[in-house]
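Here is the structure we will look at.
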Amino acid sequence: MRSSAGFLVCSLLLLLALHGTEVAAQDDQPDPKMSCANWMGGAPGHPGHNGLPGRDGKDGKDGQKGDKGEPGLQGARGDTGEKGATGAEGPRGFPGHMGMKGQKGESAYVYRSAFSVGLTERAPHPNVPIRFTKIFYNEQNHYDSSTGKFLCSIPGTYFFAYHLTVYTTDVKVSLYKKDKAVIFTYDQFQKDNVDQASGSVLLHLSSGDEVWLQVYGEGDNNGVYADNINDSTFMGFLLYPDMDDH
């Protein structure tokens with residue numbers, strides 16, 4: 001009995017609760033157009049696909065000028081360029097200062113003085129100039145065949161030489177310069193033979209100096225000889241003049 005009464009009481013209470021709930025539910029029912037925030041949320045959905053890219057925006061304003069960068073490494077040397085055209089001639093410069101006086105040069109004029117002569121007579125007289133009258137060369141006429149002497153007209157250095165045939169007796173000759181013997185030559189004659197005596201020398205002569213050849217000593221030493229097949233000769237020529245005098 002008690003069980004049935006209790007069951008009824010519980011059923012009554014349950015009905016009252018359900019009715020109150022329904023009234024409350026009607027008052028709280030949301031508008032279908034309203035947000036579903038009051039509804040019970042479901043499980044999160046999958047991310048949607050990426051949308052299309054938007055349009056390019058307008059160019060921004062130029063920024064401020066940056067700081068100067070560090071110099072780069074030096075590049076390799078380039079090829080040589082083509083030669084450019086010759087430039088226009090520049091203006092004429094002013095005359096320079098006068099230079100120092102140069103050394104005196106050699107004269108362009110060629111000074112000549114030479115002779116070559118031969119003996120025509122036998123056994124010339126001793127202690128006097130031998131007169132060589134056979135003329136091989138005497139273009140400047142500096143040798144005088146009438147006196148047997150060479151007269152210096154161009155101061156300078158000269159070369160003299162003589163080549164004598166010796167026959168019948170000994171020969172002693174000397175070459176003179178201004179009345180002074182410079183060199184001597186002696187040849188002892190060999191019987192039944194023809195000998196040769198010779199000599200040469202370099203001399204410096206001044207204008208007016210005379211040079212000649214003569215036999216010295218007694219008459220037994222004048223074996224200088226010449227004929228149609230044997231000659232005795234005397235010669236001389238200028239090597240170079242004194243430039244201070246020309």
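For the salt bridge (Lys or Arg N to Asp or Glu O under 4.0 Å) test, no residue two or more places apart in sequence or in another chain qualifies with K177. Under the rule for a ring pair (Phe, Tyr, Trp, His ring centres under 6.0 Å), the partners of F184 that lie at least two apart in sequence or sit in another chain are Y216. Y143 meets the ring pair (Phe, Tyr, Trp, His ring centres under 6.0 Å) test with F115; sequence neighbours excluded.
Between the CG atom in N138 and the OG atom in S116 there is a gap of 9.5 Å [rounded to 0.5 Å]. Summarising the geometry, atom CD1 belonging to I183 is positioned 6.5 Å from atom OG belonging to S200; distances are rounded to the nearest 0.5 Å. Atom NZ of K191 sits about 12.5 Å away from atom CG of N193, to the nearest 0.5 Å.
Of all heavy-atom pairs between Q140 and A114, the closest is OE1-N, 3.2 Å. Nearest heavy atoms, L175 versus F234: CD1-CE1, 3.9 Å. Residues R112 and H142 come closest through the heavy atom pair O-CE1, 3.9 Å. Across every non-hydrogen atom of P241 and Y111, the tightest pair is CG-CD1, 3.7 Å. Here the closest non-hydrogen pair linking D195 and Q188 is OD2-O, 3.2 Å. Nearest heavy atoms, K178 versus W212: N-CZ3, 4.2 Å.
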Would V224 and L119 count as a side-chain contact (heavy atoms from CB on, under 4.5 Å) here? Give the steps. CA-CA 9 Å; V224 179; L119 189 67; 3.6 Å; yes
Show, in sequence, the C-alpha distance, side-chain angles and deciding distance for Y137 and I135, and conclude whether the side-chain contact (heavy atoms from CB on, under 4.5 Å) test is met. CA-CA 6 Å; Y137 180 88; I135 306 300; 5.9 Å; no
Intermediate values then yes/no, side-chain contact (heavy atoms from CB on, under 4.5 Å), V171 and V215: CA-CA 8 Å; V171 165; V215 174; 5.9 Å; no
Checking D144 against F150 for the side-chain contact (heavy atoms from CB on, under 4.5 Å) test, could you report, in this order, the C-alpha distance in whole Å, the side-chain angles of both residues, the deciding distance, and whether it holds? CA-CA 6 Å; D144 187 352; F150 168 79; over 6 Å; no
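H204 and D209 share no donor-acceptor pair across their side chains, judged by distance under 3.5 Å alone. Side chains of T133 and T120: a donor on one and an acceptor on the other come within 3.5 Å.
Here side chain to side chain donor-acceptor pair (under 3.5 Å) pairs that include residues 67-78, with residues two or more places apart or in two chains, number zero.
The backbone N or O of F189 sits less than 3.5 Å from a side-chain atom of D170, completing a donor-acceptor pair. Side-chain atoms of S232 come within 3.5 Å of backbone atoms of Y225 as a donor-acceptor pair (strictly under, hydrogens ignored). Judged by distance alone, the side chain of Q214 and the main-chain N or O of V173 form no donor-acceptor pair under 3.5 Å. Counting only distance, with no hydrogens or angles, the side chain of R131 and the backbone of S146 share a donor-acceptor pair below 3.5 Å.
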Could you pull out every donor-acceptor pair under 3.5 Å between side chains of residues 157-167 and any protein atom, sequence neighbours left out?
residue : atom : partner : partner atom : Å
Y158    : OH   : I154    : O            : 2.6
Y162    : OH   : T185    : OG1          : 2.4
T165    : OG1  : Q196    : NE2          : 3.4
T165    : OG1  : D231    : O            : 2.7

All N/O donor-acceptor pairs, side-chain side in residues 79-99, below 3.5 Å, sequence neighbours left out:
none

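Tracing side-chain contacts under 4.5 Å through hydrophobic residues (I, L, V, M, F, W, Y), one never reaches Y186 starting from L213; they form parts of separate clusters.
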